[in-house]
Amino acid sequence: SDDFCPGGSIYPNLKESSLFLYPNQDVYFPPCKRYRISAPFVFAGGKFEQKKPSIEVLPDECLFEIFRRLPGGQERSTCACVSKRWLTLVSNIRRDEISDNKNPQASDLEHENTDKRGGVSSEDVDSDVEGDGYLSRSLDGKKATDIRLASIAVGTASRGGLGKLFIRGSKSRHGVTTVGLRAISRGCPSLRVLSLWNLSSVGDEGLCEIANGCHQLEKLDLCHCPPITDKSLLAVAKGCPNLTDLTIEGCANIGNEGLQAIARSCPNLKSVSIKDCPLVGDQGVASLLSSASYSLTKVKLQALNITDVSLAVIGHYGKAVTDLSLTSLPNVSEKGFWVMGNGHGLQKLKSFTVTSCRGATDSGLEAVGKGCPNLKQLCLSKCPFLSDQGLSSLAKAAGSLECLQLEECHRISQFGFFCSLINCGAKLKVISFANCLGIKDLNSGLPPLSPCESLTSLSIHNCPGFGDASLFALGKLCPQLQHVELCGLHGITDAGVLPLLESCEAGLLKVNLSGCVNLSDKVVQTISNLHGWTLELLNLDGCKISDASLVAIAENCQLLTDLDISKCTITDSGIAALAHFNSINLQILSVSGCSMVSDKSLPSLGKLGETLLGLNLQQCKAISSRAVELLTEQLWRFPSSGMICYYFLSLKMGVGFFMAEFP
């Protein structure tokens with residue numbers, strides 16, 4: 001009679017044990033959803049201990065909502081320093097997701113203080129600064145990781161905004177991925193310049209994040225990023241219409257489709273550089289040139305599978321192009337250069353560089369010279385089919401030419417050199433020939449010619465046939481030289497250099513005679529006597545000079561700041577002569593390979609160190625490591641130097657010591 005339910009259990013199925021709280025009791029609890037509850041106590045060591053509360057138990061969604069409601073960027077930056085998890089959450093907050101809800105009392109107090117000051121509030125200042133994007137950051141090698149990018153995205157948001165980002169990756173497995181670029185895209189909408197180098201883990205997804213979040217992007221540099229395809233350029237074209245500068249190098253999966261999209265959507269494109277992209281052809285290049293005909297000023301094409309069609313488009317549509325560089329284009333023929341020159345579109349071209357192009361022949365380059373009336377700088381390198389006649393015709397056609405540079409053009413002889421010098425007109429200022437093996441010394445003198453009064457800079461590098469007769473003729477033709485570089489010319493002697501030095505009426509500023517092993521003290525004494533009042537740089541590396549030259553330099557060259565006497569037969573007496581005259585104020589001094597300079601020069605070098613910014617003592621085997629240490633300590637004592645010193649010791653290479661000045 002005491003049973004709660006006489007007659008048995010109210011549940012027909014006795015196996016449903018989960019419906020009972022305790023055995024032998026008919027108390028019903030219907031099944032319900034189980035919730036995860038963190039108990040305030042934990043059982044440890046045989047007893048219950050109170051558990052300390054932690055915000056880490058909150059899920060990411062809750063933390064994200066908390067972080068985006070923080071009042072300012074400084075608070076979010078502080079939270080990001082707690083852990084990698086918090087850094088990741090904070091870096092994924094977009095600018096438009098930041099809540100603008102503020103404490104009413106704090107807001108009223110801020111407005112009241114603003115009214116009293118009669119100025120703008122701190123919030124207004126911060127909002128203006130964050131949008132400027134004047135900060136620059138660079139990550140190189142193992143430092144290029146997603147964590148560092150997330151830190152940059154959070155840290156720069158409240159300190160002016162990130163404007164330029166340069167990332168040079170490495171082979172590390174912890175390198176930059178899509179996660180890092182996503183953080184940049186969400187936290188740095190003010191980004192204007194992005195450079196990605198050697199990033200094998202960054203693909204289309206990462207660059208698409210940048211395109212979707214950084215709409216102010218103006219300059220994009222993609223070098224050796226193989227996973228990136230045309231899909232990335234399509235996204236950039238859609239999201240970054242203000243793009244003005246595009247550089248693509250070593251991206252094998254980028255082709256014509258991506259360039260065509262850029263051409264359609266980026267009307268302000270000013271500079272394009274494409275190198276070593278096998279999928280890029282005439283269609284992509286033609287689209288860029290034709291769409292940006294009135295804005296594109298710089299074009300650089302290297303190692304591409306383009307043909308004469310691209311050069312024809314450049315010649316017709318390059319109405320705003322001022323700088324053009326063509327390198328290693330095997331499929332471009334003489335016809336391409338001829339058509340480009342006769343297209344009459346390169347009227348504003350000022351600088352033209354051609355390297356390793358078989359189509360750069362006499363007739364092709366002459367057509368370019370005639371079709372570019374404002375051409376001022378011409379650089380021709382490794383042009384095997386350019387002859388003396390072609391160079392002479394080109395120089396005559398380019399009447400505005402100011403700078404002519406030739407390198408490894410072996411069909412050019414001394415006839416082409418002097419004809420280009422004479423035919424370039426009255427505006428030529430700089431002429432440079434390097435590694436041109438076809439140049440031989442003059443067998444006879446030149447007929448009477450009018451001097452080239454405009455030429456101020458002459459540079460001849462490693463042309464073994466250049467000799468004294470050619471220098472003698474140059475002395476008569478170029479009386480206004482200020483910069484002279486005669487490097488690696490084993491055939492010249494004092495007899496050829498002295499007339500050239502004596503004919504320079506304006507006063508030489510820079511003289512480089514490195515590698516001219518047959519020049520002696522007489523040349524240096526002439527330079528010091530005639531041009532010491534203007535000379536600023538003198539390089540005598542490898543010349544046969546002695547201490548007498550240093551005495552002449554110290555007495556006459558008061559404006560000299562850079563002196564290189566490496567591998568010369570000078571001694572401690574010569575260094576002492578330099579230090580004895582207080583009128584000389586050298587900033588750079590190199591005595592590398594001077595075996596007769598010893599520890600006795602330590603006091604003299606210390607005195608010269610009062611003005612030196614750089615000192616090179618490599619391969620000075622007579623100088624001990626102890627002397628270098630003493631010199632280091634002495635130079636550190638100069639209060640006005642403001643230098644950071646570096647030195648290294650090597651048993652085989654000798655002793656070296658360098659200084660670098662930082663602002």
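For the single chain, residues carry numbers from 1 onward in sequence order. Just so it is clear, the values below take in all heavy atoms, side chains as well, and ignore hydrogens, waters and symmetry mates.
More than 12 heavy atoms of other residues, nucleotides or ligands lie within 6.0 Å of NZ in Lys376, so this atom counts as buried by the packing criterion. Other residues, nucleotides and ligands place more than 12 heavy atoms under 6.0 Å from the NE2 atom of His410. Summarising the local packing, CZ of Phe415 is surrounded by 12 or fewer heavy atoms from other residues, nucleotides or ligands at distances under 6.0 Å.
If you take CZ on Arg192 and OG1 on Thr244, they are separated by 10.5 Å, rounding to the nearest 0.5 Å. To the nearest 0.5 Å, the span separating CE on Met596 from NZ on Lys621 amounts to 13.5 Å.
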Worked verdict on Asp221 versus Trp197 for side-chain hydrogen bond (donor to acceptor under 3.5 Å, both in side chains): CA-CA 8 Å; Asp221 189 353; Trp197 278 67; 3.3 Å; yes
Given side chain to side chain contact (heavy atoms under 4.5 Å, CB included), test Asp140 with Phe166 step by step and report yes or no. CA-CA 8 Å; Asp140 194 358; Phe166 305 91; over 6 Å; no
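Considering only heavy atoms from C-beta on, Leu246 comes within 4.5 Å of Ile248 through its side chain. The side-chain heavy atoms of Leu455 and Ile431, taken from C-beta on, include a pair separated by under 4.5 Å. Within the 4.5 Å cutoff, side-chain heavy atoms of Leu139 are placed close to those of Ile152. Taking the side chain as every heavy atom from C-beta outward, Glu407 and Lys382 never approach each other to under 4.5 Å. The shortest side-chain heavy-atom distance between Leu386 and Ile412 falls under the 4.5 Å cut-off. Here the side chains of Leu500 and Leu486 are in contact, with some heavy-atom distance below 4.5 Å. At a threshold of 4.5 Å between non-hydrogen side-chain atoms, the residues Ser325 and Thr327 count as touching. When side chains are defined from C-beta on, Asp245 counts as touching Thr247, because their heavy atoms get closer than 4.5 Å.
Among residues two or more places apart in sequence or in another chain, the side chain to side chain contact (heavy atoms under 4.5 Å, CB included) test is passed with Ser400 by Lys427.
The aromatic ring centres of Phe433 and Phe466 sit 6.0 Å or more apart.
A donor-acceptor pair shorter than 3.5 Å cannot be found between the side chains of Ser201 and Thr177.
None of Cys504, Ser503, Cys452, Ser457 except one satisfies the side-chain contact (heavy atoms from CB on, under 4.5 Å) rule with Leu481; the exception is Cys504. Partner of Leu540 under the side-chain contact (heavy atoms from CB on, under 4.5 Å) criterion, chosen from Leu513, Val511, Asn512: Leu513.
Of all non-hydrogen atoms in Ala183 and Ala153, the two that sit nearest each other are O-CB, 3.4 Å.
Ion pairing of Asp541 with Lys567 is present here, as a side-chain N (NZ or NE/NH1/NH2) and a carboxylate O approach within less than 4.0 Å.
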